Amino acid sequence: MSQSKINSSGIDIKTVYSAPGSELPGEFPYTRGVRPDMYRGRLWTMRQYAGFSTAEASNERYHYLLNQGTTGLSVAFDLPTQIGYDSSHAMSEGEVGKVGVAIDSLADMEILFQGIQLQDVTTSMTINATASTLLAMYVALAKKQGADLQKIGGTIQNDLLKEYAARGTYIYPVRPSMRIITDIFEWCSKELPKWNTISISGYHIREAGSTAVQELAFTLANGKAYAEAAIAKGLDINVFGKRLSFFFNAHNDIFEEVAKFRAARKIWATIMKDLGATQPEAMMLRFHTQTGGSTLTAQQPENNIVRVALQALSAVLGGTQSLHTNGFDEALSLPTEKAARIALRTQQIIAQESGATATVDPLAGSYYVEELTATLEKEAWLLIQRIEEMGGAVSAVEKGWIQEEISRSAYLAQKQIENKEQIVVGVNAYQTKEEDPQPTFRIDDSIRSQQIEKINAVKAQRNQHVVDQKLALLATAAQTDTNLMPLILDCVESYTTLGEIADTLRNVFGEYQG
């Protein structure tokens with residue numbers, strides 16, 4: 001039972017405020033939240049997206065964040081890891097460890113989580129094209145720790161459609177990528193039942209310049225495509241539907257963002273019900289939120305603390321299940337330790353001091369918010385219908401239509417800033433002479449040499465004959481409809497590198513030519 005709440009004036013705060021006959025939280029279509037008591041029963045998971053340099057350095061940051069009150073880990077991988085190149089590959093030069101941690105083999109994963117029992121934490125991994133391999137490494141490590149895989153919880157992003165549309169860290173063509181995604185769905189439903197097998201991401205769609213309506217529509221259209229692919233594979237929507245999660249952006253307009261989150265739950269519940277879901281948990285949209293990276297400014301970076309706080313508040317008022325708050329210095333570099341601490345404290349202040357968690361869906365009944373919710377829902381459905389007329393999200397991506405729509409919106413938004421139709425404080429208004437440069441966090445290029453030494457050490461110690469056999473079996477299976485996850489796990493446990501696995505699949509599937 002959730003405890004009663006009393007505000008500073010001694011007034012009792014009800015768990016829910018509703019008009020007679022109106023929708024309640026925890027009821028279909030979940031506009032007001034997926035649980036009847038929301039944060040009265042349990043706060044959102046406070047994650048801080050972190051990963052840089054080597055596994056050793058990132059491990060140190062994870063222990064720091066856990067000691068500061070983070071309740072879930074969120075791993076950022078470097079660009080070579082995201083697109084399937086070992087740190088030793090020529091394409092990796094200049095990028096190793098820069099935007100995330102470099103992970104080349106199971107040996108790196110073992111260091112990344114040293115001193116952390118995977119059964120005791122939930123981990124979100126922002127990885128897509130190589131999601132199957134990183135998940136296999138995580139599982140292999142959990143097995144080495146003696147963990148019960150039935151209890152391991154976390155999320156892989158695993159959302160390739162938005163990569164083609166907005167972000168670009170893809171490897172294989174669209175159809176083989178969809179096959180790998182549904183292989184993960186199927187395998188996890190048996191082996192890793194508490195794992196969220198995909199985080200369908202609107203975040204990067206918004207970062208690329210979309211509007212809130214486009215973020216809503218394109219994300220949910222992608223989600224529908226994944227659900228349909230899983231159904232076509234013979235999977236039970238009431239099983240895999242419970243493990244689908246979403247990832248949304250939070251921008252500066254508090255009321256539009258709250259309305260977007262509320263509308264998202266309603267639309268998704270309707271989509272899943274229409275696809276045949278009958279169990280409530282398979283129709284509930286559960287989502288992680290990250291504050292808007294594209295809203296951060298290099299000018300007057302301290303202003304970003306205010307932006308992040310407003311954005312985080314919108315996510316909480318909108319009913320998020322998990323939240324990452326950006327560091328105020330991220331327009332300049334990876335976040336410093338100070339910036340990461342302020343970002344986490346922002347969440348803790350909202351949770352403990354703002355009153356936003358005292359009642360469920362506190363903006364419900366606002367004429368403005370209810371009208372915005374209805375309007376965003378209506379406009380999003382119109383876009384979803386256009387996508388359906390093209391043959392669904394996969395076809396809309398292959399035709400380039402979604403990419404063009406995002407580019408058009410990004411151009412119009414930039415013109416508005418340049419014309420001062422949209423004010424960005426410190427950028428096109430209220431400028432000041434910049435004072436001393438903000439301290440930044442930089443990664444040294446020597447990291448690559450360290451990673452190459454680790455790869456060479458792994459290859460010297462492993463059984464190369466076994467590795468060759470495992471890769472050959474993977475290549476053969478990729479040419480059939482065999483589920484690839486057990487074979488990828490076998491490769492990982494033999495200390496095959498991420499790049500070797502990706503190259504094996506490249507040779508079978510080819511590469512996407514955008």
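Side chains are part of it too, since the values below use all heavy atoms of this structure and drop only hydrogens, waters and symmetry mates. Computed from a predicted model, the values in this text were never measured in an experiment. The chain is numbered in sequence order, starting from 1.
Annotation: the span from Tyr203 atom OH to His288 atom NE2 amounts to 9.0 Å, rounded to 0.5 Å. Put simply, CG on Asn7 and CD1 on Ile13 are 4.5 Å apart, with the number rounded to the nearest 0.5 Å. Rounding to the nearest 0.5 Å gives a distance of 7.5 Å between CZ of Phe247 and OG of Ser124. Considering CD of Gln82 and CD1 of Ile103, their distance stands at 12.0 Å, rounded to 0.5 Å.
Side-chain contact between Leu412 and Gln416 is absent, with no heavy atoms from C-beta onward closer than 4.5 Å. Taking 4.5 Å as the limit, every side-chain heavy atom of Ile180 sits out of range of all side-chain heavy atoms of Leu160. Between Gln214 and Leu383 there is a side-chain heavy-atom pair separated by less than 4.5 Å. Inter-residue side-chain proximity for Tyr226 and Leu244 is flagged as unmet; no heavy-atom pair is nearer than 4.5 Å. Within the 4.5 Å cutoff, side-chain heavy atoms of Val101 are placed close to those of Phe77. Looking only at side-chain heavy atoms (C-beta outward), Asp12 and Lys5 stay at 4.5 Å or farther from each other. Side-chain atoms of Leu484 and Leu505, non-hydrogen and from C-beta on, do get closer than 4.5 Å to each other. By the 4.5 Å heavy-atom criterion applied to side chains, Glu398 and Met390 are not counted as neighbours.
Of the possible donor and acceptor atoms, one in the side chain of Gln311 sits under 3.5 Å from a partner among the backbone N and O of Gly292. Remark: side-chain polar atoms of Arg262 are not paired, donor with acceptor, to backbone N or O of Leu372 under 3.5 angstrom. Distance alone, capped at 3.5 Å, places no donor-acceptor pair between the Glu256 side chain and the Ala212 backbone. Between the side chain of Thr359 and the main chain of Thr15, a donor-acceptor pair closer than 3.5 Å is present. In this structure, Glu186 contributes its side chain and Leu235 its backbone to no donor-acceptor pair below 3.5 Å. Checked by atom type and distance alone, the side chain of Ser18 never pairs as donor or acceptor with a backbone atom of Leu24 at under 3.5 Å. Of the possible donor and acceptor atoms, one in the side chain of Asn483 sits under 3.5 Å from a partner among the backbone N and O of Asp183. Judged purely by atom type and a 3.5 angstrom limit, Thr70 has no side-chain atom pairing as donor or acceptor with the backbone of Gly72. Side chain of Gln68 to backbone of Leu344: no donor-acceptor contact under 3.5 angstrom is found. Looking only at distances, a side-chain donor or acceptor of Ser177 sits under 3.5 Å from a matching main-chain atom of Pro173.
A salt bridge is defined here as a Lys NZ or Arg NE, NH1 or NH2 lying under 4.0 Å from an Asp or Glu carboxylate O, and Lys233 with Asp481 fails to meet this definition.
With sequence neighbours excluded, the residues forming a salt bridge (Lys or Arg N to Asp or Glu O under 4.0 Å) with Lys260 are Glu215, Glu257, listed by chain and number. Take Ala229 and apply the side chain to side chain contact (heavy atoms under 4.5 Å, CB included) test, not counting sequence neighbours, and it matches Met178, Thr182. Shown here are the salt bridge (Lys or Arg N to Asp or Glu O under 4.0 Å) partners of Glu405, two or more places apart in sequence or in another chain: Arg408. For Arg307, the salt bridge (Lys or Arg N to Asp or Glu O under 4.0 Å) test picks out no residue, with sequence neighbours left out. With sequence neighbours left out, the salt bridge (Lys or Arg N to Asp or Glu O under 4.0 Å) criterion links Arg265 to no other residue. With sequence neighbours excluded, no residue forms a side chain to side chain contact (heavy atoms under 4.5 Å, CB included) with Lys194. Residues passing the side chain to side chain contact (heavy atoms under 4.5 Å, CB included) test with Leu66, sequence neighbours excluded: Leu73, Ile116.
Sorted by first and then second residue, the ring-ring contact (aromatic ring centres under 6.0 Å, His included) pairs with a member in residues 363-395 read Phe255-Tyr368; sequence neighbours excluded. The stretch residues 117-143 participates, sequence neighbours left out, in these salt bridge (Lys or Arg N to Asp or Glu O under 4.0 Å) pairs: Lys143-Glu493. Residue pairs meeting the side-chain hydrogen bond (donor to acceptor under 3.5 Å, both in side chains) criterion with at least one partner in residues 240-249, sequence neighbours excluded, are Asn196-Arg243, Glu207-Asn249, Lys242-Gln279.
Between Leu192 and Leu149 the shortest heavy-atom distance is CD1-O, 3.6 Å. Among all heavy-atom pairs drawn from Met46 and Gln348, the shortest one is SD-CG, 3.8 Å. The two residues Ala356 and Val316 come nearest to each other via the heavy atoms CB-CG1, 4.2 Å. Of all heavy-atom pairs between Phe287 and Gly319, the closest is CE2-O, 3.6 Å. Closest non-hydrogen pair, Ala331 versus Thr297, comes out as CB-C, 3.6 Å. In terms of heavy-atom proximity, Ala142 sits nearest to Leu118 at N-CD1, 3.9 Å.
No more than 12 heavy atoms of other residues, nucleotides or ligands lie within 6.0 Å of NZ in Lys378, so this atom counts as exposed by the packing criterion. Residue Phe28 places its CZ atom among more than 12 non-hydrogen atoms of other residues, nucleotides or ligands, all under 6.0 Å distant. The 12-atom threshold is not exceeded at CZ of Arg42, counting heavy atoms of other residues, nucleotides or ligands nearer than 6.0 Å.
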Show me, pair by pair, the donor-acceptor contacts under 3.5 angstrom made by side chains of residues 268-278, not counting sequence neighbours?
unit_1, atom_1, unit_2, atom_2, d
Thr270, OG1, Lys266, O, 3.0
Thr278, OG1, Asn238, ND2, 3.0

For residues 125-139, run the donor-acceptor check on the side chains, cut-off 3.5 Å, and write out each pair with its distance to 0.1 Å, sequence neighbours left out.
unit_1, atom_1, unit_2, atom_2, d
Asn128, OD1, Asn158, N, 3.3
Asn128, OD1, Asp159, N, 2.8
Asn128, OD1, Lys162, NZ, 3.0
Asn128, ND2, Gln157, OE1, 3.1
Asn128, ND2, Glu163, OE2, 2.9
Thr130, OG1, Thr81, O, 2.9
Tyr138, OH, Thr123, OG1, 2.8

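Classified by interplanar angle (parallel below 30°, tilted 30° to 60°, perpendicular above 60°), the ring pair Phe113/Tyr62 is parallel. Ring pair Phe248/Phe246 is parallel by interplanar angle, where below 30° counts as parallel and above 60° as perpendicular. Note on ring orientation: taking the six-membered ring where Trp is involved, the planes of Phe240 and Phe185 are parallel (angle under 30°, cut-offs 30° and 60°).
A donor-acceptor pair shorter than 3.5 Å can be found between the side chains of Gln290 and Asn326. Arg47 and Thr45 share no side-chain donor-acceptor pair at under 3.5 Å.
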query = Can you check side-chain contact (heavy atoms from CB on, under 4.5 Å) on Leu323 and Ile350, steps first, answer last?
reply = CA-CA 12 Å; Leu323 178 61; Ile350 291 173; 5.6 Å; no
task = Check the pair Ser22 / Arg32 against side-chain hydrogen bond (donor to acceptor under 3.5 Å, both in side chains), numbers first and verdict last.
result = CA-CA 10 Å; Ser22 64; Arg32 300 198 59 193; 4.8 Å; no
